[in-house]
Amino acid sequence: MEVFRQKEKASKSNIRDFHIAEREEDIGYYAGYVGSAFMFGRALTSVLWGMIADRYGRKPVILFGMIMLVIFNTLFGLSTNFWMAVSTRFLLGSLCGILGPMRAYASEICRKEYQALGMSIISTSWGIGLVIGPAVGGFLAQPAEKYPDIFSEESLFWRFPYLLPCLLISIFALGVSVLCCCLPETMHMHTKNKRELEDSRDQRASTTYGPDEEGSMQKKSEEKYPASQQSLLKNWPLMSSIIVYCVFQLHDMAYTEIFSLWAVSPRKYGGLNYTTTDVGEVLSITGFGLLFFQLFVYPVVERIFGPIMVSRIGAVLTIPLLSSYPFISMLSGLSLTLLVDCASILKNVLAVSITTGLFLLQNRAVSQKQRGAANGISMSAMSFSKAVGPAGGGSLFSWAQKRQNASFLPGGHMVFFILNLIEAIGLLMTFKPFLVEPAGDSIS
């Protein structure tokens with residue numbers, strides 16, 4: 001997960017070095033399209049990878065995706081122009097279809113009472129990637145300029161200033177690929193257990209009940225799990241949770257793009273004038289807070305309130321938090337540092353809590369044999385939203401920078417107002433009759 005976010009952070013600096021943007025304000029515009037290329041590629045292939053995972057197992061898809069990640073992440077670090085960067089991002093998104101099968105895997109490897117923890121770990125790994133990845137990019141990008149005593153101007157890292165963080169992440173991903181070989185396959189294991197359970201139930205039913213009673217019980221069983229016999233697109237508990245999930249992911253992706261642009265933008269444009277190292281420090285601190293919350297606090301909160309209520313609370317708290325960002329940029333010194341750190345931790349905790357709750361709803365709405373395809377549909381829909389997010393966020397930020405003296409919501413105020421508007425729409429969609437919570441017995 002970390003590699004995806006490391007490349008997001010590198011995007012703006014890459015655009016500056018590619019010299020494709022004519023003005024400082026236009027950098028966010030081009031950086032957004034680099035960020036969108038990955039999501040667009042993933043949107044086109046996620047359903048296919050989900051179907052392959054349902055047919056051949058989760059493990060082969062995860063292994064193949066990790067290998068593709070190693071290859072194309074390294075090529076991204078070797079990008080010499082804008083279009084090469086966009087192409088490597090698109091190909092990585094198309095060929096690395098691991099996230100959907102990983103979500104299905106987490107829901108299958110855990111018993112029902114531990115599914116919240118399993119999904120929380122998936123969300124945490126993505127959330128930590130959101131913060132640790134940019135931190136790695138901030139500390140290790142352009143090493144020949146930052147650490148001239150270690151990396152000379154004749155070194156490979158002078159010619160390719162973003163190769164070092166990409167290379168280190170690729171080496172890490174290669175190690176993870178080796179560890180993935182030790183993973184047990186959940187698809188075949190669950191299919192075998194399910195067949196044994198059905199055979200046992202059929203045997204008990206045939207000895208306990210007569211033909212009429214047995215037929216009646218079979219009819220009730222088929223009505224009990226209609227989603228497994230029908231098209232997934234007709235499963236409204238699944239589709240409604242996916243639609244709500246896409247709205248929140250559109251918001252989160254746009255926020256992630258805007259936060260990096262806002263943090264490094266000059267003060268005259270309403271930014272913080274941070275260096276990439278400063279941003280890396282903020283996001284590293286955020287990662288530790290996110291890890292603690294998701295592993296130790298979220299499972300307890302989810303058991304008490306349920307996934308839908310947790311998502312609603314997260315959305316409600318996000319709106320006033322984002323409204324405070326333009327005012328935070330007016331501070332300086334220690335007060336600025338403390339507030340930015342706290343705001344970043346809280347925002348990421350709330351975002352990942354919303355995501356985890358919707359993950360749970362999606363996987364509880366389908367049977368095990370369709371879980372890969374269901375997550376594939378979710379990933380494709382979400383990826384389209386995330387493809388729009390960076391491009392839309394970058395364009396929105398560039399537009400807002402040009403209206404610093406506007407009488408209505410100048411500069412950053414307009415940016416965070418629109419983000420809050422999207423969040424409010426997502427919040428309203430978590431209520432009935434739009435969002436339908438799946439019945440507890442849909443889990444299998």
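Counting begins at 1 with the first residue of the sequence. Any value given below was found using the heavy atoms of this structure, including those in side chains, with hydrogens, waters and symmetry copies removed.
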So which heavy atom on C166 is nearest to which on N73, and how close?
O-ND2, 2.7 Å
If you measure from CD1 on I377 to CE on M382, what distance do you get to the nearest 0.5 Å?
13.5 Å
Contact between L69 and L92 at the side-chain level, heavy atoms closer than 4.5 Å - yes or no?
yes
Regarding T74 and S170, do their side chains bring together a donor and an acceptor under 3.5 Å, going by distance alone?
yes
Tell me if the OH atom of Y274 is crowded by more than 12 foreign heavy atoms within 6.0 Å.
yes
Classify the side-chain pair S378/N375 by whether it contains a donor and acceptor separated by less than 3.5 Å.
no
Under 4.5 Å between any side-chain heavy atoms of S265 and F397, yes or no?
yes
Pairwise distance CG(L167) to CZ(F172) - rounded to 0.5 angstrom
14.5 Å
Taking salt bridge (charged side-chain N to carboxylate O under 4.0 Å, His left out) as the definition, give me every residue that meets it alongside D54, ordered by chain and number, with sequence neighbours left out.
R58
Let me see the working for H251 and V247 under side chain to side chain contact (heavy atoms under 4.5 Å, CB included), right down to the final yes or no.
CA-CA 6 Å; H251 172 277; V247 173; over 6 Å; no
Kindly give the heavy-atom pair with the smallest separation between R89 and A37, and that separation in Å.
CB-CB, 3.9 Å
Hey, do the aromatic rings of Y255 and F416 have their centres closer than 6.0 Å?
no
Is the shortest heavy-atom distance from the side chain of D252 to the side chain of K347 under 4.5 Å?
yes
For S332, side-chain hydrogen bond (donor to acceptor under 3.5 Å, both in side chains) partners two or more places apart:
none
Might you point out which heavy atoms bring G393 and I258 nearest each other, and give the distance in Å?
O-CG1, 3.6 Å
How many angstroms lie between CG in L346 and CG in L321, if you round to the nearest 0.5 Å?
5.0 Å
Quick one: are L91 and F76 in side-chain contact, heavy atoms under 4.5 Å?
no
Quick one: pull up NZ in K146 and CG in L164 and give me the separation to the nearest 0.5 Å.
10.0 Å
Do any N or O atoms from the side chain of S344 and from the backbone of V340 form a donor-acceptor pair under 3.5 angstrom?
no
Side chains of Y245 and T355: closer than 4.5 Å at any heavy-atom pair?
yes
Taken to the nearest 0.5 Å, the spacing of L322 CG from I422 CD1 works out to 10.5 Å
Write down the atom of A85, the atom of S79, and the distance for their closest heavy-atom approach.
CA-OG, 3.5 Å
Checking the side chain of T45 only, and the main-chain atoms of L48 only, is there a donor and an acceptor separated by less than 3.5 Å?
no
Answer yes or no: is there a donor N or O on one side and an acceptor on the other, between the side chain of T337 and the main chain of G333, under 3.5 Å?
yes
With distance as the sole test, does S240 use its side chain to make a donor-acceptor pair with the main-chain N or O of P237 at under 3.5 Å?
yes
If you define the side chain from C-beta out and look only at heavy atoms, does anything of E281 sit under 4.5 Å from D341?
no
Considering residues at least two apart in sequence or located in another chain, which fulfil the salt bridge (charged side-chain N to carboxylate O under 4.0 Å, His left out) criterion with K59?
none
Minimal non-hydrogen separation, L63 against C180, with atom names:
CD2-CB, 3.5 Å
Indicate whether any N or O donor in one side chain lies under 3.5 Å from an N or O acceptor in the other, for Q362 and R103.
yes
Could you check, using the six-membered ring where one of them is a Trp, whether Y269 and W262 have ring centers closer than 6.0 angstrom?
no
Below 3.5 Å, can you tabulate the donor-acceptor pairs from side chains in residues 424-436 to any protein atom, sequence neighbours excluded?
from : atom 1 : to   : atom 2 : distance (Å)
T430 : OG1    : R312 : NE     : 3.3
T430 : OG1    : L427 : O      : 2.5

Would M414 and F408 count as a side chain to side chain contact (heavy atoms under 4.5 Å, CB included) here? Give the steps.
CA-CA 8 Å; M414 177 60 77; F408 178 72; 4.1 Å; yes
Could you work out, with ring pair (Phe, Tyr, Trp, His ring centres under 6.0 Å) as the rule, every residue matching Y105, not counting sequence neighbours?
none
State whether the side chain of N235 and the backbone N or O of A365 hold a donor-acceptor pair below 3.5 Å, judged by distance alone.
yes
Interatomic distance, R371 atom CZ to T186 atom OG1 [nearest 0.5 angstrom]
9.0 Å
Donor-acceptor side-chain pairing of N420 and S323 below 3.5 angstrom:
yes
Are the side chains of F293 and S353 in contact, using a 4.5 Å heavy-atom criterion?
yes
Does any non-hydrogen side-chain atom of W49 lie less than 4.5 Å from one of R42?
no
Show me the donor-acceptor pairs within less than 3.5 Å that the side chains of residues 298-311 make with the rest of the protein, sequence neighbours left out.
from : atom 1 : to   : atom 2 : distance (Å)
Y298 : OH     : G357 : N      : 3.2
S311 : OG     : P307 : O      : 3.0
S311 : OG     : I354 : O      : 3.4

Could you tell me whether a side-chain N or O of S260 sits under 3.5 Å from a main-chain N or O of E257, the two making a donor and an acceptor?
no
When you look at F64 and I52, which way does the side chain to side chain contact (heavy atoms under 4.5 Å, CB included) test go after all the steps?
CA-CA 12 Å; F64 181 80; I52 292 174; over 6 Å; no
Closest heavy-atom contact between G289 and I345?
CA-CG2, 4.4 Å
For the residue pair F327 and H413, categorise the inter-ring angle as parallel (less than 30°), tilted (30 to 60°) or perpendicular (more than 60°).
perpendicular
